[in-house]
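Quick note: residue numbers are just sequence positions, from 1.
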Amino acid sequence: MAFHDVLGHQPHPLDAIFRPRRVAVVGASEKPGSVGRTLLWNLIQSPFGGTVYPVNPRRESILGIQAYPNLHALPEPVDLVVIAIPAPKVLAIIADCVALGIRGAIVLSAGFKEIGPAGQALEAEIQQLARQGNLRLIGPNCLGLMNPLTGLNATFADGAAQPGNLAFISQSGALCTSILDWSRRENVGFSAFVSIGSMLDVSWGDLIYYFGDDPHTQSIVLYMESIGQARSFLSAAREVALSKPIIVIKAGRTAAAAQAAASHTGALAGSDAVLDAAFQRCGVLRVDSIDELFSMSEVLAKQPRPKGRRLTILTNAGGPGVLATDALIQGGGSLAPLAPETIAALDRLLPVHWSHGNPIDVLGDATADRYGEAIQIAAADPNSDGLLVILTPQAMTDPSAIAQTLADYTAQSAKPILASWMGGDRVAAGEALLNRAHISTFAYPDAAARTFNLLWQYSDNLNSLYETPTLVPDPEQDPARVEAILEAALASDRTLLSELESKQILAAYGIPTIPGVIATTPAEAVAIAEDYGYPVVAKLHSHTITHKSDVGGVQLNLQNAIAVEQAFAAIQSRVPEADFLGVCIQPQIAQQGYELIVGASLDPQFGPVLLFGSGGRLVEVYEDRALGLPPLNTTLAERLMEKTRIWTALQGVRGQAAVDLEALKALLVRFSRLVLEQPRIREIEINPLLATPGGGLLALDARVVLHPASCDRADLPRAAIRPYPSHYQTRVQLKDGQTVQLRPIRPEDEPLVVDFHRSLSEETVYRRYAHLIKLDHRIRHTRLTRVCFVDYDQEMAIVAEREQNSQPQIIGIGRLSAIHGSRDREFAITISDAYQDQGLGRQILSHLIAIGRAEGCDRLIGWILQSNRAMIHLAEQLGFSLSRDREEMVEVQLPLQAPVPVA
């Protein structure tokens with residue numbers, strides 16, 4: 001946890017919007033049914049503890065409150081301005097806000113980018129002006145927002161939301177009003193209720209960070225029509241999803257729905273499959289219905305996450321158990337096999353005719369006592385990851401007593417427990433009792449089973465994102481060769497590389513390829529073939545034709561010189577003369593393996609997207625593929641492969657040996673590096689990649705398409721997730737002459753970080769954290785995920801690494817952490833005891849200062865114990881100013897525009 005979190009709440013720019021003390025309403029009106037009147041009435045009807053100022057140049061008072069002609073005429077400064085006037089007049093109001101130093105605005109008005117180019121231009125002017133004045137703005141084209149915890153209702157909705165712990169954010173104002181009606185019926189409360197509009201300024205990422213830091217918010221629920229700033233969204237979601245569930249329903253799964261969403265928000269929608277991959281990569285749970293949206297937020301707030309997909313079903317009627325089983329299996333879950341001790345215990349408890357399996361049928365005459373004992377036995381089964389208890393009202397059934405029994409047990413369970421009390425009014429009292437005990441209830445058992453599937457899928461995905469990967473060594477790259485190939489193609493106004501050029505680029509990144517030589521005459525082709533030895537393959541060499549098989553440009557299994565000459569002639573005859581540049585002769589490879597495809601292309605929202613799946617000529621027919629976002633590590637590479645059907649075969653099937661899965665994961669990691677480090681590449685594909693059981697990997701064919709030379713490098717699409725910032729690597733020398741490498745941390749460093757923490761004394765730990773943290777807590781994987789799995793856009797952790805007995809050893813860590821809502825960064829440094837007083841702290845802090853400048857940070861801020869004189873002295877030497885206004889702590893600050901003095 002950062003010191004600024006420990007030492008007290010730091011003001012956030014969005015507080016001006018969500019916790020204002022004074023609000024001005026521009027466009028306030030007396031006209032019945034108008035937006036301006038409804039908005040003003042909502043603000044004064046739900047007191048938020050502040051003052052409301054109507055602004056209307058044609059009225060002296062509105063709803064009995066004194067009105068003012070403009071913002072400049074207000075008697076005191078306001079925090080928030082809510083604007084409900086025609087779009088063309090909004091720019092002037094924003095200019096007044098900036099001139100007056102107002103920090104927050106909500107623009108309800110429509111008529112911006114959703115109407116076309118004129119609206120886009122107006123939005124751009126407003127955006128530029130707001131940024132210049134540090135004005136944060138929600139909207140335009142929105143319903144407004146509510147903070148039910150303070151009573152703020154800055155919307156034109158009919159009525160207010162109830163207070164609760166759920167932050168709801170929607171791009172659809174109309175949906176907001178429907179959700180409000182639903183929430184009142186279902187008694188669902190909110191910590192915030194936000195209509196975000198078209199996100200001219202405040203975006204998903206801003207709000208996810210804000211509510212991620214909000215102690216009153218337990219879950220964040222989104223209704224999304226467009227992603228907006230993809231990198232901002234992913235950065236925020238990846239950080240916050242570790243501590244709070246983020247659940248999203250995204251309109252536009254079908255092409256028709258995507259087009260409707262685009263016309264509504266004025267944004268373009270990318271591939272829905274890419275969006276799914278993005279959500280999975282950042283730990284967001286995507287659901288398909290409004291009902292699932294809120295049921296999942298409720299369940300995740302009430303129940304622990306399951307550790308697996310195995311569900312135990314306990315019921316007093318067979319039919320509902322079968323329905324739940326069908327829904328469970330169809331959704332990818334499984335029935336927990338009952339352990340022998342569980343069966344034995346149930347045999348002693350239940351009548352002889354019980355089901356003797358899962359679902360556990362306790363029979364229709366089950367009493368509360370029988371239910372209670374069966375629940376404890378079933379939940380204790382070591383094979384079970386969760387429990388679904390079903391009740392149907394029968395003659396011997398007491399729904400409330402059984403509910404109380406289940407509620408009493410739930411407090412001691414570490415597994416999720418769901419309930420389906422069937423029967424409407426007959427079970428209503430028991431259902432209410434379960435809800436009060438934080439047990440989620442469902443009218444029908446199949447809905448409960450589907451919810452369990454969503455639970456384990458969410459939990460599995462979140463856990464898999466933070467499995468410690470293994471390090472894939474960098475290949476011996478030849479960047480000059482890659483650059484020369486790309487420059488030569490662009491210089492000749494080509495965007496399509498030849499197969500040979502494409503394979504040379506793959507080889508530069510450690511991806512094995514088949515050798516090949518270009519022949520421009522039949523005689524050359526024969527000579528090359530005889531050098532390789534028969535059989536060989538002849539492929540079209542062209543700078544214009546991309547799919548050679550489609551034009552008969554591939555001739556296989558050529559056994560002799562005559563076959564090679566005939567193949568050369570056949571290929572030449574099948575393409576226009578301008579497209580034929582010769583043939584590439586390659587050794588024939590016995591294709592006794594699996595044909596895979598590995599590729600990458602660009603998504604308009606997320607930039608480069610990776611593809612893996614079944615390859616070969618029928619790749620479009622099989623459609624067995626999965627998408628992922630780069631960069632990959634070995635864990636993420638495996639997760640990508642697991643989404644395909646061919647994954648089962650790759651692990652070995654029907655006596656066939658498995659392929660080298662470690663080598664395949666390493667290949668995908670290197671391929672993702674290639675995609676990120678060569679932004680000139682627009683599309684790249686290996687098809688097929690031959691994976692031989694018990695053998696190796698070989699790229700049999702490759703295709704690369706470049707961005708045209710006219711594209712400026714600065715304008716090339718960037719990855720949605722920032723890649724490893726290798727340019728921040730440097731080497732420094734300590735006082736004793738040792739050379740140490742400073743480099744950004746990576747997930748693969750977790751074992752080294754564990755050893756680093758073992759090297760720290762209690763005194764060093766206390767100086768770093770201002771309190772003692774036991775070693776076993778410091779080295780827990782759940783904690784080290786936040787240390788090693790870094791979003792480089794938000795945090796930059798630098799490790800100091802040296803060689804110890806030919807093994808890497810981390811001896812120091814420095815960190816720059818974002819302070820949300822600002823461009824400031826908090827720094828912290830820890831040095832291993834054995835390497836203190838060697839000048840390493842100075843080297844790391846100097847490097848962090850340089851990185852802060854390069855990242856465009858405004859200030860570095862740190863909190864140092866007053867007893868840590870050495871660190872305070874170092875900060876002073878490097879130009880930090882000191883403030884001792886906090887008990888036991890010294891706050892140090894360094895504006896990054898100022899030069900660092902040479903000590």
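To the nearest 0.5 angstrom, S170 atom OG is 12.5 Å from L145 atom CG. N153 contributes atom CG, which lies 10.0 Å from atom CZ of F193 (distance to the nearest 0.5 angstrom). With values rounded to the nearest 0.5 angstrom, I227 atom CD1 is found 6.5 Å from L234 atom CG. Of the inter-residue distances, the one linking R859 atom CZ with R825 atom CZ reads 12.0 Å to the nearest 0.5 angstrom. Separating the CG atom in N134 from the CZ atom in R823 is a distance of 9.0 Å, to the nearest 0.5 Å. A distance of 5.5 Å separates NE2 of H847 from CG of L742, quoted to the nearest 0.5 Å.
Residues satisfying the salt bridge (charged side-chain N to carboxylate O under 4.0 Å, His left out) criterion with D206, sequence neighbours excluded, are R136. With sequence neighbours excluded, the residues forming a salt bridge (charged side-chain N to carboxylate O under 4.0 Å, His left out) with R231 are D793, listed by chain and number. Annotation: salt bridge (charged side-chain N to carboxylate O under 4.0 Å, His left out) contacts of D214 (sequence neighbours excluded): none. Partners of Y466 according to the side chain to side chain donor-acceptor pair (under 3.5 Å) rule, which considers only residues two or more places apart in sequence or in another chain, do not exist here.
Between R639 and E467 a salt bridge is recorded (basic side-chain N to carboxylate O distance below 4.0 Å). With respect to the salt-bridge test (charged N to carboxylate O, under 4.0 angstrom), the residues R305 and D460 do not qualify. Comment: R722 does not engage E795 in a salt bridge, judged by the lack of any side-chain N to carboxylate O separation of less than 4.0 angstrom.
For the pairing with N165, the side-chain hydrogen bond (donor to acceptor under 3.5 Å, both in side chains) check across H216, Q218, K244 returns one residue only, Q218. The side-chain contact (heavy atoms from CB on, under 4.5 Å) with V740 is formed by just one residue from the set L734, T730, I844, V799; it is L734. When each of V240, L14, V194 is tested with Y210 by the rule side-chain contact (heavy atoms from CB on, under 4.5 Å), just one qualifies, namely L14. Looking at V221, L285, V188 one by one, the single match for side-chain contact (heavy atoms from CB on, under 4.5 Å) with S297 turns out to be V221.
Of the possible donor and acceptor atoms, one in the side chain of Q838 sits under 3.5 Å from a partner among the backbone N and O of D736. Judged purely by atom type and a 3.5 angstrom limit, S459 uses its side chain to pair as donor or acceptor with the backbone of P306. With hydrogens and angles ignored, the 3.5 Å screen pairs no side-chain donor or acceptor of D749 with any backbone N or O of L752. Of the possible donor and acceptor atoms, none in the side chain of Y53 sits under 3.5 Å from a partner among the backbone N and O of E76. In terms of modelled atom types and a separation under 3.5 Å, the side chain of S46 and the main chain of L43 share no donor-acceptor contact. Side chain of R281 to main chain of L629: a donor-acceptor pair is present (N/O by atom type, distance under 3.5 Å, no hydrogens or angles). Distance alone, capped at 3.5 Å, is enough to place a donor-acceptor pair between the S464 side chain and the N461 backbone.
Inspection of the D96 and H72 side chains reveals an N or O donor paired with an N or O acceptor under 3.5 Å. With no hydrogens or angles considered, a side-chain donor-acceptor pair links Y835 and R802 at under 3.5 Å. With 3.5 Å as the limit, one finds a donor-acceptor pair spanning the side chains of Q893 and E891. Under the 3.5 Å distance criterion, with hydrogens and angles disregarded, a donor-acceptor pair is assigned to the side chains of T470 and T634. With 3.5 Å as the limit, one finds no donor-acceptor pair spanning the side chains of Q794 and S235. For Q807 and N805, the side-chain atoms include no donor-acceptor pair closer than 3.5 Å. A donor and an acceptor atom, one from each side chain of H820 and E239, are located under 3.5 Å apart. Counting only N and O atoms by type, the side chains of H781 and E750 include a donor and acceptor under 3.5 Å apart.
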For residues 782-789, tabulate all N or O donor-acceptor pairs below 3.5 Å that involve a side-chain atom, not counting sequence neighbours.
from: R783; atom 1: NH1; to: R778; atom 2: O; distance (Å): 3.0
from: R783; atom 1: NH2; to: Y769; atom 2: OH; distance (Å): 3.0
from: T785; atom 1: OG1; to: T782; atom 2: O; distance (Å): 2.7

Quiz: residues 827-834 side-chain donor-acceptor pairs under 3.5 angstrom, not counting sequence neighbours:
from: T830; atom 1: OG1; to: R768; atom 2: NE; distance (Å): 3.4
from: S832; atom 1: OG; to: S759; atom 2: OG; distance (Å): 2.8
from: D833; atom 1: OD1; to: S761; atom 2: N; distance (Å): 2.9
from: D833; atom 1: OD1; to: S761; atom 2: OG; distance (Å): 3.4
from: D833; atom 1: OD1; to: T764; atom 2: OG1; distance (Å): 3.0
from: D833; atom 1: OD2; to: S761; atom 2: OG; distance (Å): 2.6
from: D833; atom 1: OD2; to: T764; atom 2: OG1; distance (Å): 3.1

Item to complete: Could you check Y728 against E855 for side-chain hydrogen bond (donor to acceptor under 3.5 Å, both in side chains), going step by step and ending with a plain yes or no?
Response: CA-CA 11 Å; Y728 287 141; E855 295 290 307; 2.6 Å; yes
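In this structure, the side chains of L149 and F48 stay at 4.5 Å or more apart for every pair of heavy atoms. Side-chain contact between Q809 and I811: present, with at least one pair of heavy atoms (C-beta onward) separated by less than 4.5 Å.
Of all non-hydrogen atoms in V892 and A875, the two that sit nearest each other are CG1-CB, 4.2 Å.
D837 CG: 12 or fewer foreign heavy atoms inside a 6.0 Å radius. At most 12 heavy atoms of other shown residues, nucleotides or ligands fall within 6.0 angstrom of atom CD in E762.
Between Y209 and F233, the distance separating the two ring centers is not shorter than 6.0 angstrom.
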